[in-house]
K.L.:
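Have a look at the structure that comes next, please.
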Amino acid sequence: MSTKTISKPSDSKTPPSEGLGEAIIQDNLNYTLFSWSKQKGINPIAVKYGEGVYLYDYDGKRYLDFSSGLMNVNIGHGNQRVTEAVAKQMQEVSYVTPSCVTKIRGEVGKKLASVSPKGLTKTLFTVCGATSIDNAIKLARLYTGRHKIIAKYRAFHGASYGAMTAGGDPRKLAADSQQMPSVVHVEDPYCYRCPFGQTFGSCKYECAEHVERVIQFEGPENVAAILMEGESGSSGCIKYPPDYLKKIRAICDKYGILLIADEVMSGFGRTGKWFGVDNHGVVPDMIATAKGITSGYLPLGALIVSDKIAAHFDDKVLWLGLTYSAHPVSLASSLEVLKIYEDDNLIENAAAMGKYIDQRMEELKIKHPSIGDWRNTGLLGCIELVKNRKTKEPMAPFNAKPDEMVVMNKVAARLKELGMYTFVRWNYVFVAPPLCITKEQIDEGLTMISDAISFADEHTTP
Ligand SMILES: Cc1ncc(COP(=O)(O)O)c(C=O)c1O
């Protein structure tokens, strides 16, 4: 069998080709549909190639990717080690049914066990974040014989019907008339805008008491699981106050409820640790993950479960399955990506660069009155822009309508013009670059952000 070395196509970095980018965009607009958008008026970047923290379009313009794609490209773009690993796997076998085994499946399972919190050893491989969450919910119901799932309003867990229902993110509202039954939502521990009118430091963790109260109303004997992100992401990086997750774990233990950590976005070094929960000294009963498991090089998800849950199914049927569970090629990309995290010390770098951004953000706060809050863990950060620091009136409200996004759209347009790709959502600007970022590249990005939010400053009152 030939095992040719794979290299990048020779034309990937050829000089700009006039009009090609436009033609590519046009084909995409004519023949494909775009998520979460009106289909008219979209102006996407036609990406020719990516390298490290940068994306390049067909006109040769460089974009600093300050959100790691969808907070998934943790190792950075264009790493050819992954290409080689994937090609090698495809030269051997590209697909086997989930009832067969491959060397790579066992290897990735073993590697995940070694980086997961103690006592979480076995993994069911899925295809993405939503399928990890859906299967976590099913498994919690099968294991406990209970049906209710407690989850937070300000959370996104995926776009399938189950995951969508578990989330409270307003992206679901247009299609929520037939939601999955038996999900109950609770308020977030959003200290900057505490829903209980408290201030952190003098509060009694009313946010955690609220969760326990809701469980009592719902009947603890009916509650299968509490589902929470390991660390909040696209809902605004709403950092858990220090003991919050420990309190949630204690509530779970008190009532025999499972704790499911959604580590789809917060997993694999994003927060400066392997998993978000590692920052809180909490061991969940299940970890549902995806994204960073392959750094987005191929689709893959994983549901890592406690030994107790796994053992329960030794003599009972595990009623879960997917055609593409444990896909060998995706797993090959995963194993290589997991090695890259270690070989290149990317998780340590995420922690160090996160601290550097925190420091630099203190300077930006002095310069920009529109910065109301900065919340960050490792490289999962978000600037919250306000019209007035005292009243905390947001620059754009939660679930803002197009006409409420005028200022924020200008901020986003300026960032793009300056050569940055990142998320701007409502009044949030996300800072979540690949974990391989350097201080110089962070400075480059923060200079662009400082320029762009100067426009928001003009819309603030002292
Ligand atoms: C926290 C979290 N959970 C789940 C998902 C869903 O993942 P996927 O889009 O791979 O289904 C996402 C996606 O952004 C996420 O951020």
Side-chain angles (χ1 to χ4, degrees), residues 33-37 65 67-74 124-140 149 151-172 175 180 183 185 188 225-240 245 259-271 274-277 279-280 284 286-304 322 324-325 327 330 333-334 337 375 377-382 421-426 428 430-432:
L33 291 167
F34 287 76
S35 333
W36 314 120
S37 310
D65 182 356
S67 63
S68 311
L70 286 172
M71 283 86 148
N72 57 341
V73 188
N74 293 4
L124 174 81
F125 289 106
T126 66
V127 293
C128 62
T131 45
S132 298
I133 296 293
D134 280 356
N135 281 294
I137 292 171
K138 277 194 200 170
L139 191 53
I149 305 293
K152 294 190 289 91
Y153 275 110
R154 291 179 192 264
F156 180 72
H157 295 295
S160 63
Y161 256 97
M164 170 195 103
T165 307
D169 189 285
R171 273 175 276 183
K172 75 177 182 178
M180 174 180 74
V183 174
H185 287 102
D188 287 66
I226 299 181
L227 167 63
M228 290 195 178
E229 303 112 311
E231 201 67 68
S232 150
S234 62
S235 300
C237 302
I238 298 167
K239 273 174 85 91
Y240 297 120
L245 274 191
L259 179 59
I260 305 169
D262 178 344
E263 296 276 4
V264 173
M265 190 175 279
S266 54
F268 300 101
R270 174 60 48 202
T271 67
W274 276 104
F275 293 103
V277 287
N279 292 292
H280 298 275
M286 293 187 219
I287 287 181
T289 190
K291 293 192 190 264
I293 194 169
T294 62
S295 276
Y297 279 60
L298 281 173
L300 181 71
L303 178 61
I304 312 166
L322 295 158
Y324 296 114
S325 175
H327 195 285
S330 295
S333 72
S334 176
V337 164
R375 299 181 287 271
T377 312
L379 291 175
L380 187 54
C382 165
Y421 177 83
T422 197
F423 270 135
V424 175
R425 189 179 195 214
W426 311 327
Y428 301 147
F430 287 90
V431 177

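Whatever order the structure lists ligands and atoms in, that order sets their numbers, starting from 1. Computed from heavy atoms alone, side chains included, the values below leave out hydrogens, waters and symmetry copies.
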K.L.:
Is the closest basic N to carboxylate O distance between D169 and R425 below 4.0 Å?
P.N.:
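Here D169 pairs with R425 in a salt bridge, since their nearest N and O are under 4.0 Å apart.
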K.L.:
Looking at ligand 1, is there an atom of it that comes within less than 4.0 Å of some heavy atom belonging to L70?
P.N.:
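Heavy atoms of L70 never come under 4.0 Å of ligand 1.
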K.L.:
Which part of A290 is near ligand 1, with near meaning a heavy atom under 4.0 Å away: side chain, backbone, both or neither?
P.N.:
neither
K.L.:
Does K291 have a non-hydrogen atom less than 4.0 Å from ligand 1?
P.N.:
yes
K.L.:
Under 4.0 Å from a heavy atom of D262: give me the atoms of ligand 1 that qualify, with their elements.
P.N.:
1 (C), 2 (C), 3 (N), 4 (C)
K.L.:
Is I133 close to ligand 1, meaning an N/O of one under 3.5 Å from an N/O of the other?
P.N.:
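No - when backbone and side-chain N and O of I133 are compared with those of ligand 1, no distance drops under 3.5 Å.
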K.L.:
Determine whether a donor-acceptor pair (N or O, by modelled atom type, separation under 3.5 Å) exists between the side chain of S334 and the backbone of T294.
P.N.:
no
K.L.:
Identify the closest protein heavy atom to atom 15 (C) of ligand 1: which residue and atom is it, and at what distance?
P.N.:
F156 O, 3.7 Å
K.L.:
What is the closest protein heavy atom to atom 7 (O) of ligand 1, and at what distance does it sit?
P.N.:
G129 CA, 3.3 Å
K.L.:
We want to know whether S266 and T271 form a side-chain donor-acceptor pair, criterion being a heavy-atom distance below 3.5 angstrom.
P.N.:
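No donor-acceptor contact under 3.5 Å links the two side chains.
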K.L.:
Quick one: look up the protein heavy atom nearest atom 6 (C) of ligand 1 and list residue, atom name and how far away it is.
P.N.:
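Its nearest protein heavy-atom neighbour is G158 CA, 3.4 Å.
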K.L.:
Can you tell me if S132 uses its side chain to pair, donor with acceptor, with the backbone of A288 under 3.5 Å?
P.N.:
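No, S132 side chain to A288 backbone: no donor-acceptor pair under 3.5 Å.
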K.L.:
Any sub-3.5 Å donor-acceptor pair from E263's side-chain atoms to V277's backbone N or O?
P.N.:
yes
K.L.:
Would you please classify the geometry between the Y421 ring and the F423 ring as parallel, tilted or perpendicular, with 30° and 60° separating the classes?
P.N.:
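Ring orientation of F423 relative to Y421: tilted.
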K.L.:
Please list, in number order, the atoms of ligand 1 under 4.0 Å from a heavy atom of A130.
P.N.:
6 (C), 7 (O), 8 (P), 11 (O)
K.L.:
So, for atom 9 (O) of ligand 1, does the protein have a heavy atom nearer than 4.0 Å?
P.N.:
no
K.L.:
Below the 3.5 angstrom mark, is there an N/O of V264, backbone or side chain, next to an N/O of ligand 1?
P.N.:
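Looking only at distances, the answer is no, because the N/O contact criterion of under 3.5 Å is not met.
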K.L.:
Output yes when a side-chain donor or acceptor of D262 lies under 3.5 Å from a complementary backbone atom of H157, and no otherwise.
P.N.:
no
K.L.:
Give the numbers and elements of all ligand 1 atoms closer than 4.0 Å to a heavy atom of M265.
P.N.:
16 (O)
K.L.:
Does OH belonging to Y324 count more than 12 external heavy atoms closer than 6.0 Å?
P.N.:
no
K.L.:
Could you tell me whether the side chain of R375 and the main chain of G236 form a donor-acceptor pair under 3.5 Å?
P.N.:
yes
K.L.:
Only heavy atoms of H157, strictly under 4.0 Å: list the atoms of ligand 1 that pass.
P.N.:
3 (N), 4 (C), 5 (C), 6 (C)
